[in-house]
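Working notes for the structure below.
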Amino acid sequence: MFISSAFAQTAPAAAAGGDMQSTLMSMLPLLLMFAVLYFVMIRPQMKKQKEHRSMIDALAKGDEIVTAGGLLGKVSKIGDAYIGVELSAGVEVQLQRSAVVQVLPKGTVK
């Protein structure tokens with residue numbers, strides 16, 4: 001009563017190549033979304049990880065650092081996976097190298 005009848009139409013034989021074009025056009029928004037996602041989220045995150053890795057590899061004895069927990073200290077020992085950080089006179093802790101968030105300018109920690 002409210003639904004009208006729909007009749008299928010056959011496509012002309014010459015327009016068969018247009019089917020491939022419509023498939024590509026329907027995938028275009030998905031490809032554009034992936035490209036935007038890559039340039040807005042993935043690429044900057046990879047750059048940040050690379051900078052953090054190079055900062056950790058460049059740590060040297062005597063550097064003043066900030067840890068992920070917010071502690072400030074001076075690097076006193078360096079190992080492959082762990083570093084010794086002197087928080088104050090006579091207080092030294094062992095930290096993973098990846099826990100270092102920032103290297104401070106010399107003379108920041110008194």
Side-chain angles (χ1 to χ4, degrees):
M1 178 167 193
F2 294 108
I3 300 173
S4 62
S5 299
F7 297 99
Q9 294 181 350
T10 58
D19 188 32
M20 182 69 153
Q21 185 178 7
S22 67
T23 303
L24 290 176
M25 290 301 286
S26 67
M27 291 183 65
L28 186 63
L30 181 65
L31 294 174
L32 287 174
M33 287 189 333
F34 181 74
V36 168
L37 179 72
Y38 176 77
F39 284 107
V40 171
M41 294 180 66
I42 297 172
R43 190 168 179 240
Q45 184 65 26
M46 288 172 34
K47 184 178 178 184
K48 186 176 177 182
Q49 286 176 348
K50 185 177 180 182
E51 289 173 358
H52 186 255
R53 189 174 301 118
S54 66
M55 178 193 64
I56 288 175
D57 291 340
L59 281 177
K61 190 174 180 180
D63 283 346
E64 297 173 356
I65 62 166
V66 177
T67 68
L71 298 174
L72 279 74
K74 189 177 287 190
V75 177
S76 58
K77 296 179 188 172
I78 296 199
D80 290 334
Y82 297 97
I83 59 172
V85 178
E86 184 178 0
L87 300 176
S88 65
V91 179
E92 185 175 323
V93 295
Q94 297 290 322
L95 295 173
Q96 290 181 333
R97 288 180 87 116
S98 61
V100 176
V101 175
Q102 184 179 10
V103 177
L104 299 172
K106 299 281 184 186
T108 304
V109 178
K110 302 278 181 191

Report, one line per pair, each donor and acceptor closer than 3.5 Å where one atom sits in a side chain of residues 51-59; sequence neighbours left out.
unit_1, atom_1, unit_2, atom_2, d
His52, NE2, Val100, O, 2.8
Ser54, OG, Lys50, O, 3.4
Ser54, OG, Glu51, O, 2.8

Can you list, pair by pair, the side-chain donor-acceptor contacts under 3.5 Å of residues 26-40, counting residues two or more places apart and other chains?
unit_1, atom_1, unit_2, atom_2, d
Ser26, OG, Ser22, O, 3.4
Ser26, OG, Thr23, O, 2.7

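Cluster note: Leu24 groups with no other residue, as no ILVMFWY side-chain heavy atom lies under 4.5 Å from it.
Applying the side-chain hydrogen bond (donor to acceptor under 3.5 Å, both in side chains) definition to pairs two or more places apart or across chains, those involving residues 63-88 are Asp63-Lys106, Ser76-Glu92.
Applying the side chain to side chain donor-acceptor pair (under 3.5 Å) criterion to Lys48, with sequence neighbours excluded, gives no partner residue. Taking the side-chain contact (heavy atoms from CB on, under 4.5 Å) definition, one finds that Leu72 meets it with Val66, Leu104, Val109, sequence neighbours left out. Residues satisfying the side-chain contact (heavy atoms from CB on, under 4.5 Å) test with Val93, not counting sequence neighbours, are Val85, Leu87, Leu95.
Contact of the Gln49 side chain with the Gln45 side chain is registered, since non-hydrogen atoms from C-beta on lie closer than 4.5 Å.
With hydrophobic clusters built from ILVMFWY side chains whose heavy atoms lie under 4.5 angstrom apart, Val101 does not share a cluster with Val75.
Arg97 contributes a side-chain N or O that, together with a main-chain N or O of Gly79, makes up a donor-acceptor pair within less than 3.5 Å.
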